[in-house]
Amino acid sequence: MQIAERIEDDIIAGRLTEESPVPSKNQFASFYQINPATAAKGVTLLVERGILYKKRGIGMFVASGALDILIEQRKEKFFEQYVITLLREAGKLGITVDQLTEMLARGAKQE
């Protein structure tokens, strides 16, 4: 999972672009000092999700459209993990949507 997340982060940050090569599972294994089979699992996970693809005899590459896929997946994860949790807690505390909006605006100013 950590290998997959690292590759995802590199794609989102622009360090890996669509159609660019991705380090091999052996390179990941060497860098992170893990078993190559473990590294392969992270890469395989991204292949299954359409983020990476294999060019036979050449290596793994970032798929066209991978950035859009990842951004949509991360937005959905953000919504589920943070927004829904925030709204539930706000409801427990009696915080209205308007009050929550004010809090978010105030927090954005502090950033």
So do the side chains of [X] and [Y] get within less than 4.5 Å of each other, counting heavy atoms only?
| X | Y | value |
| --- | --- | --- |
| Val47 | Lys54 | no |
| Ile11 | Ile7 | yes |
| Val83 | Lys75 | no |
| Tyr53 | Glu19 | yes |

Between Arg49 and Glu8, does at least one N-O distance fall below 4.0 Å, as a salt bridge requires? yes

Is there a side chain to side chain contact (heavy atoms under 4.5 Å, CB included) between Phe61 and Leu52 once you walk through the steps? CA-CA 5 Å; Phe61 290 80; Leu52 302 179; over 6 Å; no

Could you tell me which non-hydrogen atom of Leu100 sits nearest to which non-hydrogen atom of Ile95, and how far apart they are? N-CG2, 3.8 Å

When clusters are formed by joining ILVMFWY residues with side-chain heavy atoms under 4.5 Å apart, either directly or through shared neighbours, do [X] and [Y] land in the same one?
| X | Y | value |
| --- | --- | --- |
| Ile71 | Tyr82 | no |
| Leu46 | Ile69 | yes |
| Leu86 | Val97 | no |
| Leu45 | Leu70 | no |
| Ile12 | Phe79 | no |

Pairwise distance CG(Asp10) to OG(Ser20) - rounded to 0.5 angstrom: 9.5 Å

Does the plane of the ring in Phe28 sit parallel, tilted or perpendicular to the ring in Tyr32? Use 30° and 60° as the thresholds. parallel

Side chain to side chain contact (heavy atoms under 4.5 Å, CB included), that's the test. Do Gln2 and Ile34 meet it? Break it down for me. CA-CA 11 Å; Gln2 291 174 342; Ile34 59 174; over 6 Å; no

Check the surroundings of atom CZ in Arg15: do more than 12 heavy atoms from other residues, nucleotides or ligands lie under 6.0 Å from it? yes

